*Asks:* 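Following this message is one structure expressed as structure tokens.
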Amino acid sequence: MAEQSLPGVAEAAATEESPAAGQGISRRALLGTAGATGLVLGAAGAAVGYAAAPAAATALTSVGSDEVMFHGKHQAGITEGLQARGHLVAFDLAAGAGRKEAAALLRRWSQTARRLMAGEATGAHDTDVARDAGPSSLTLTFGFGHSFFSRTGLEKQRPVALDPLPDFSSDQLDKARSNGDLWVQIGADDALVAFHALRAVQKDAGGAAKVRWQMNGFNRTPGATAHPMTARNLMGQLDGTRNPKPGESDFDRRIFVPESGTPAWMANGSYAVVRRIRMLLDDWEKLSLGTQEAVIGRRKANGAALSGGTETTAMDLEKTDAQGDLLVPVNAHARITRPDQNGGAAILRRPFSYHDGIDADGAPDAGLLFVCWQADPLRGFVPLQRKLDRGDALSQYIRHESSGLFAVPGGAAEGEYVGQRLLEG
């Protein structure tokens, strides 16, 4: 925003020796009234001084300097910590666009992503939205939907793992806000940096692709808590306590396609399930604290299992109270989603919260932009969601309103663009 002066003060400066009516108060008149209006002028002067000439710059210790590398074994935006701001966007290829146009688009997107993630401008026509900001942990992640392969004549390269997800009882899906040929996930710890990337991606699409749907989300800002902790969702619950950790021995096996996997172009990639999950907050917030905790199976304050201990203490599924009742109810969300209750099925949750205003009935349109990662959705998300469908206590307080499944190839090496091994293989 351009520098601004307060009304009247700027006019006075411009008419220093002009006493004529209609030309503003003169400098002499202004000084002559200083005694009567000194308090007001002092306040105005301070405001003008701050806007026009801030104090000498002092270096800030800031999340703005954090940078994520574009090139690597895996794409960025999968294993990094949650970011404060996110945009999820799906595109459909334009009529007549095919493999050649898709390759050119992914090349443009990759070049733009590399620059933006390094905190650089996109080029001569950069919008300057993120000027003065550092990289702010910006990540851009690119994936292909089921329909992309028929649009580009690459049906033989479509992974079996990309077969459409089955229907679930909690689904009330809006087809216009589901799926898509291409998917882009943008995350950053600064809202302007994230928006800057969003506009760049949309502009790069040009005539090759058009936006099918866009969703905007947020998480807690880094540094807002006294120490690092699991994020909270809009129900107030800690969300992601049992997420697989990159240091675990079986993490890569669960989350990433092996280098020997098929198809070969998906080596070191992953599959993203994207769901817009509406939280029925008016109903949820009517519940007592004890009832909310029973629905989830964990303490709201610290995420500890109802069986005792801390957030990281293993849940004791058999522990009972004095009356013989299970401390963690049989239909508690945390019990049902445990890997040891689902044949080892595990997903890496990396969501954003969202709030899109108020419905006509006054209910908040708010919830979770659920994004989960796995090496194979048929061994990750699908068995977990089927189990939840059969008796999750949380299901009556949420509604799945859109869905997408995307194949996210491995990271681009130096000199490559994302998806090159598919589009030029």
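None of these values were measured; they are calculated from a predicted model.
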*Asks:* Restricting to side chain to side chain donor-acceptor pair (under 3.5 Å), what partner residues turn up for Glu311, sequence neighbours left out?
*Replies:*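 Partners of Glu311 by the side chain to side chain donor-acceptor pair (under 3.5 Å) criterion, ordered by chain and then number, come out as Thr230, Thr241.
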*Asks:* Heavy atoms only: give me the nearest Leu422-Phe148 pair and the separation to one decimal.
*Replies:*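 Nearest pair, atom of Leu422 first, then Phe148: CD2-CE2, 4.1 Å.
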*Asks:* Got a salt bridge between Arg278 and Asp359, using NZ or NE/NH1/NH2 to carboxylate O under 4.0 Å?
*Replies:*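 So Arg278 pairs with Asp359 through a salt bridge.
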*Asks:* Report, one line per pair, each donor and acceptor closer than 3.5 Å where one atom sits in a side chain of residues 86-106; sequence neighbours left out.
*Replies:*
{"unit_1": "His87", "atom_1": "ND1", "unit_2": "Asn216", "atom_2": "OD1", "d": "2.8"}
{"unit_1": "Asp92", "atom_1": "OD1", "unit_2": "Asp181", "atom_2": "N", "d": "3.2"}
{"unit_1": "Asp92", "atom_1": "OD2", "unit_2": "Arg212", "atom_2": "NH1", "d": "3.0"}
{"unit_1": "Arg99", "atom_1": "NE", "unit_2": "Leu423", "atom_2": "O", "d": "2.9"}
{"unit_1": "Arg99", "atom_1": "NH2", "unit_2": "Leu423", "atom_2": "O", "d": "3.1"}
{"unit_1": "Arg99", "atom_1": "NH2", "unit_2": "Gly425", "atom_2": "O", "d": "3.2"}
{"unit_1": "Glu101", "atom_1": "OE1", "unit_2": "Gly98", "atom_2": "N", "d": "2.8"}

*Asks:* Do side-chain atoms of Gln374 reach the backbone of Tyr271 as a donor and acceptor pair under 3.5 angstrom?
*Replies:* yes
*Asks:* Step by step, work out the salt bridge (charged side-chain N to carboxylate O under 4.0 Å, His left out) result for Arg276 and Glu401.
*Replies:* CA-CA 6 Å; Arg276 185 182 192 271; Glu401 296 186 334; 2.5 Å; yes
*Asks:* I'd like to check the ring pair (Phe, Tyr, Trp, His ring centres under 6.0 Å) partners of Tyr397; sequence neighbours left out, ordered by chain and number.
*Replies:* Trp284
*Asks:* Would you name the heavy atoms of Pro159 and Met266 that are closest together and state the gap between them?
*Replies:*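 So the two residues come closest at CG-CG, 4.2 Å.
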*Asks:* If a pair satisfies ring-ring contact (aromatic ring centres under 6.0 Å, His included) and one of its residues is in residues 110-137, list it, with sequence neighbours excluded.
*Replies:* none
*Asks:* Side chain of Ser110, backbone of Val418: donor and acceptor closer than 3.5 Å?
*Replies:* yes
*Asks:* Restricting to side chain to side chain donor-acceptor pair (under 3.5 Å), what partner residues turn up for Arg349, sequence neighbours left out?
*Replies:*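 Arg349 satisfies side chain to side chain donor-acceptor pair (under 3.5 Å) with Asp239 only.
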*Asks:* Quick one: CG on Leu368 to CG on Leu234, what's the gap to the nearest 0.5 Å?
*Replies:* 7.5 Å
*Asks:* Which heavy-atom pair separates Pro222 from Val63 by the least distance, and what is that distance?
*Replies:* CB-CG1, 3.9 Å
*Asks:* Restricting to non-hydrogen atoms, name the atom on Gln75 and the atom on Leu140 that form the minimum distance, rounded to 0.1 Å.
*Replies:*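 Residues Gln75 and Leu140, closest heavy atoms: OE1-O, 4.2 Å.
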*Asks:* Do Phe168 and His400 have their ring centres less than 6.0 Å from each other?
*Replies:*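 For Phe168 and His400, the ring centres are not under 6.0 Å apart.
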*Asks:* Kindly write out the residues that satisfy side chain to side chain donor-acceptor pair (under 3.5 Å) with Asp66, not counting sequence neighbours, or none if the list is empty.
*Replies:*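 Per chain and number, Asp66 pairs via side chain to side chain donor-acceptor pair (under 3.5 Å) with no residue.
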